[in-house]
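As the structure is a computational prediction, the values presented were derived from the model and not from experiment. Chain naming here is simple, since letters A, B, ... match the order of the sequence lines and numbering starts at 1 in each.
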Number of protein chains: 2
Amino acid sequence: MLNDKIPDIIISRLPQYLRALNWLEMDGKQTTSSQELADHLGISAAQIRKDLSQFGGFGKQGMGYSIPYLTKELRKILHVDHNWEVALVGVGQLGIAIANYQGFQGRGFNIVMGFDSDPGKIGKKYGNLTVQPIAGMDVAIKNAGIVIAMITVPAGQAQDIADRLVKAEVKTILNYAPINLMVPQGIRMRVIDPVIELQRMTYYLE
Amino acid sequence: MLNDKIPDIIISRLPQYLRALNWLEMDGKQTTSSQELADHLGISAAQIRKDLSQFGGFGKQGMGYSIPYLTKELRKILHVDHNWEVALVGVGQLGIAIANYQGFQGRGFNIVMGFDSDPGKIGKKYGNLTVQPIAGMDVAIKNAGIVIAMITVPAGQAQDIADRLVKAEVKTILNYAPINLMVPQGIRMRVIDPVIELQRMTYYLE
DNA sequence: TAGATTGTTAATCGATTAACAATC
DNA sequence: TAGATTGTTAATCGATTAACAATC
């Protein structure tokens, strides 16, 4: 069972469960049920139970799920039971906002390196990072063993940066430039593009 | 055929087609094929043809698709053949970065109103907006007939803001706070949460 | 005409749901 | 024990793919 390949569509829901659990815990709750999670997430209770059962039995019949326990298990499954060091490429207005954003803390990520091509920015500190020259990026990332990077450079430069990151042995890229970057097999890339989200919704407007 | 309800999973791919077409056009291309789009997007060519055929025959056998024509038709389908006025609630570091972001222009959105509770920010200009006091938000949005809003306030305030936006007759909310907001039936809400995207990928890391 | 690529059908594949025995 | 809720199976539902006739 655990050796079966779990479909990505199931994996994509686990972080949502984790976020909902976090929220319930802050509400002071100790336990929850598949039904309560379903109400919060707009997903059926059956599906939540089925998803979780791919990884083991985390609940107790009649009782539901312990929030701290299920949280811990989900964090293990998603490999966020420790913090990953993350590099940020492009320390413009958006990059600075991301570096200062508190929401990564405690959810598995720590942005510890930032790179920019503007000499005026070198040495400045935002959150946990100090801006370094982009020329030294490849070596710095490789030496630090960093495997996760966020791209916040203009769209025209994003593919070039992605290519360099892949050479520096980065395996996971979160891309804020609104283009589909080409990356080799084995490299995971996701795009954050607010316009895509908006356009998905305007279809339903008059 | 056109009267059938189109599944949301198909709608969710149309903005991606639009973005890929945009990119091909900037490369100087005049026409494309389902295969070329497939290569760019990591989606099968058959699926792209099937998706598009839900809305009509936009291609020509042997020739492929005219990029300007298909772009125009997709923009019509998604209702982004004109610009929507958008309100931004919370003009902090992230809000300012979004207001100044050029990527909305020409893709159907114009952020024309911004609200913040900090008196020191009132009257400041970012992109196409001037910051207004959040106390007047409800009336201002309703009077302007704005139906799309972005929430960039801290997580603890986001639900309250969402409730107020719904009362002001906003129909579509893009939420940057990392929580699942509760909104009534008929209101569309999507969350932008970079941590969710990262956690989906760390599952595949060692 | 020959070659290419669409639009569409039927077959396959996979995901979701309903239902309930197991059990806390 | 009675009530509640899980974990799991089987049935349903829906989405994707393969294949090809239509046609530019």
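- Note: CD (Gln47(A)) to P (dG14(D)) measures 14 Å, nearest angstrom.
- With a cut-off of 3.5 Å on both Watson-Crick or G-U wobble distances, the partner of dC24(D) is given as dG3(C).
- The environment of Glu25(B) atom CD is dense: over 12 non-hydrogen atoms of other residues, nucleotides or ligands sit within 6.0 angstrom.
- In this structure, the side chains of Leu70(B) and Leu52(B) come closer than 4.5 Å at one or more pairs of heavy atoms.
- In this structure, Ile10(A) atom CD1 and dT8(D) atom P are separated by 13 Å, rounded to whole Å.
- Tyr176(B) and Asp193(B) are not linked by any side-chain donor-acceptor pair at a separation below 3.5 angstrom, with hydrogens and angles left out of the test.
- Side-chain contact between Asn180(B) and His40(A) is absent, with no heavy atoms from C-beta onward closer than 4.5 Å.
- Arg13(A) has its CZ atom 15 Å from the P atom of dG14(C), to the nearest Å.
- Under a 4.0 Å N-O distance rule, the pair Lys76(A)/Asp81(A) does not qualify as a salt bridge.
- With a cut-off of 3.5 Å on both Watson-Crick or G-U wobble distances, the partner of dA18(C) is given as dT9(D).
- What separates CG of Asp8(B) from P of dT16(C) is a distance of 13 Å, to the nearest Å.
- Looking only at side-chain heavy atoms (C-beta outward), Met150(B) and Val86(B) come within less than 4.5 Å of each other.
- Between Ile6(A) atom CD1 and dG14(C) atom P there is a gap of 14 Å when expressed in whole angstrom units.
- Going from atom CD1 of Ile9(B) over to atom C1' of dT16(C) covers 12 Å, rounded to whole Å.
- Rounded to an integer number of Å, the gap from CG of Asp51(B) to P of dT8(C) is 13 Å.
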Distances under 3.5 Å only, N/O to N/O: pair up the protein atoms with those of nucleotides 4-7 of chain D.
unit_1	atom_1	unit_2	atom_2	d
dT5(D)	O4'	Gly62(A)	N	3.0
dT5(D)	O2	Gly62(A)	N	3.2
dT6(D)	OP1	Ser34(A)	N	2.8
dT6(D)	OP2	Ser34(A)	OG	2.7
dG7(D)	OP1	Phe58(A)	N	3.0
dG7(D)	OP1	Gly59(A)	N	2.8
dG7(D)	OP1	Gly59(A)	O	3.4
dG7(D)	OP2	Tyr65(A)	OH	2.8
dG7(D)	N7	Arg49(A)	NE	2.9
dG7(D)	O6	Arg49(A)	NE	3.3
dG7(D)	O6	Arg49(A)	NH2	2.9

